[in-house]
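Shown next, in structure tokens, is the structure this report addresses.
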2 protein chains.
Amino acid sequence: MPRPTKLTPEHGDARTRLLQSARDLIRSQGYAATSVGDLCRAAGVTKGAFFHHFENKEALGVAAAVYWAETTSELFANAPYHRHDDPLDRFLAYIDFRKQIIDGDLARFTCLVGTMTQEIYGSHPAIRDACAASIFGHAATLEPDIEAAIASRGITPDWSAESLAIHTQAVLQGAFILAKATGNTETAKDSVDHLKRYVELLFKTNH
Amino acid sequence: MPRPTKLTPEHGDARTRLLQSARDLIRSQGYAATSVGDLCRAAGVTKGAFFHHFENKEALGVAAAVYWAETTSELFANAPYHRHDDPLDRFLAYIDFRKQIIDGDLARFTCLVGTMTQEIYGSHPAIRDACAASIFGHAATLEPDIEAAIASRGITPDWSAESLAIHTQAVLQGAFILAKATGNTETAKDSVDHLKRYVELLFKTNH
DNA sequence: GGCACAATACCGACCGGTTGGTATGTGAGT
DNA sequence: ACTCACATACCAACCGGTCGGTATTGTGCC
């Protein structure tokens with residue numbers, strides 16, 4: 001088990017620098033195409049440091065997924081959409097927030113763990129499990145608001161809060177793929193608009 | 001022109017065998033993790049044959065995407081959902097068909113070009129373009145039915161037939177990722193159910 | 001039809017560079 | 001004296017790609 005470095009130059013310890021480089025490089029090149037050498041060069045670290053902190057490349061992949069889960073859950077915990085009083089408003093504001101995040105460089109807003117899952121689901125079960133934990137752990141944070149919205153609107157749906165939360169993630173992951181295919185963020189934003197429209201229709205009481 | 005290989009000549013010429021092996025291996029391992037040697041071994045072909053048919057590995061990637069576009073468009077052209085008289089019924093039956101296809105081994109029903117796009121969008125523009133052509137070419141086949149459904153239902157939506165067709169593909173791509181994360185086909189089918197519910201709500205006239 | 005011949009389809013040994021990974025060393029903090 | 005964080009040097013296996021060669025084919029001429 002690696003632990004935080006005591007002596008820390010301005011740029012942070014080698015482990016987190018490697019994790020940040022992994023986050024950036026894997027998002028733009030994929031896991032397999034990112035070599036240990038690439039990682040070390042980007043992090044400004046030698047191979048010795050790499051294999052000091054991680055048993056092998058797969059362990060780095062797992063750690064990168066865990067690091068991703070930690071940093072993103074912090075991002076969403078501090079996001080402004082929680083400020084709304086109504087649970088449905090919170091959920092819709094979450095979707096708006098996700099749309100707003102889609103901006104600029106592809107490798108800046110796409111999902112590390114979704115990208116890795118595609119590549120490694122068959123060959124690296126340990127990484128796959130860490131990615132799944134990140135995705136479904138995040139989806140679970142949406143469930144209370146959806147549940148409360150169902151109650152407050154007095155609807156009796158034939159779908160579960162869990163499945164809608166997961167569907168939200170599916171749309172986002174799919175939107176990222178299409179954005180990568182076109183190189184255009186608008187493609188992704190259009191799908192998020194459809195998702196928001198869906199949620200609004202689901203909670204419309206008169207039908 | 002094509003000629004069966006010496007060893008196992010019953011399986012057709014080397015080029016299509018390499019394309020089929022590429023389809024299978026890349027779907028389960030990804031593009032970068034699939035080496036030329038892997039491809040040749042799986043196809044029962046030598047490296048000489050590989051580089052006779054393809055200038056380099058990237059060219060194989062492009063050809064695999066084109067091959068995918070051809071074979072899938074044939075599959076969908078012959079699918080039963082076209083038999084419905086009503087255009088909205090056809091579109092809904094398409095979604096049912098996509099759900100029905102989700103069955104068995106992950107590498108059997110997931111999308112080759114979606115998988116490749118994730119990995120190579122930044123580093124192999126030629127492959128990315130071929131993948132995009134496959135995805136958006138398929139989406140375009142749905143537009144006439146959506147357009148006709150809008151007309152027949154007399155609705156005036158604030159979304160375009162094109163954007164809904166593309167959203168359909170986004171949901172499917174996202175569903176594949178989540179299925180890979182869980183190893184469970186139900187995760188994907190749940191999202192397709194949400195997609196169908198969305199389309200039904202969109203075309204409900206009384207609201 | 002038979003034959004020469006040029007394309008084409010395929011083979012497999014080989015190359016230089018890169019890969020993930022290891023063994024060992026060093027130097028600062030405790 | 002000892003641990004920990006990192007560096008250097010190195011390796012065997014594998015990578016994408018090359019190349020000289022052989023087998024099989026369609027074709028034009030007789």
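So that the names make sense, note that chain A is the first sequence line, chain B the second, and so on, each numbered from 1.
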Whole angstroms only, please: what is the [atom1]-[atom2] distance between [X] and [N]?
X     : N      : atom1 : atom2 : answer
B:K47 : C:dC11 : NZ    : P     : 14 Å
B:N56 : D:dT18 : CG    : P     : 8 Å
B:Y31 : D:dC15 : OH    : C1'   : 12 Å
B:F51 : D:dC15 : CZ    : P     : 12 Å
B:L18 : C:dC10 : CG    : P     : 9 Å
B:K57 : D:dT18 : NZ    : P     : 15 Å
A:F54 : C:dT19 : CZ    : C1'   : 19 Å
B:R41 : C:dC11 : CZ    : C1'   : 16 Å

Per [X] side chain, nearest of listed nucleotides [options]:
X     : options               : result
A:A49 : C:dC11, D:dA7, C:dG20 : D:dA7
A:H53 : D:dC15, C:dC10, D:dC6 : D:dC6
A:A14 : C:dG21, D:dG17, D:dC6 : D:dC6
B:V45 : D:dG16, C:dA9, C:dC11 : C:dC11

According to the interplanar angle, ranging from 0 to 90°, do the rings of A:H124 and A:Y31 count as parallel (below 30°), tilted (30 to 60°) or perpendicular (above 60°)?
->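 Aromatic pair A:H124/A:Y31 classed perpendicular.
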What about B:Y94 and B:H138, are their ring centers closer than 6.0 Å?
->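 Centroid distance B:Y94-B:H138: below 6.0 Å, so yes.
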Between the side chains of A:D24 and A:S21, is a donor N or O closer than 3.5 angstrom to an acceptor N or O?
->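 No, no side-chain donor-acceptor contact under 3.5 Å.
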Does the side chain of A:D13 come under 3.5 Å of the side chain of A:T16 through a donor N or O and an acceptor N or O?
->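 On atom types as modelled, these side chains qualify, holding a pair under 3.5 Å.
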Does B:H52 have a side-chain nitrogen or oxygen under 4.0 Å from the phosphate oxygens OP1 or OP2 of C:dT8?
->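 Checking B:H52 against C:dT8: no side-chain N or O falls below 4.0 Å of OP1 or OP2.
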Is there a side-chain polar atom (N or O) of B:T46 under 4.0 Å from OP1 or OP2 of C:dC10?
->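 It does not, given that no N or O in the side chain of B:T46 lies less than 4.0 Å from OP1 or OP2 of C:dC10.
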Less than 4.0 Å between a side-chain N and a carboxylate O, is that true for B:D193 and B:K196?
->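 Between B:D193 and B:K196 there is no salt bridge, as every charged N stays at least 4.0 Å from the carboxylate O atoms.
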For DNA chain C, whose closest nucleotide is more 5', that of B:R15 or that of A:D38?
->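 In this pair, the answer is B:R15.
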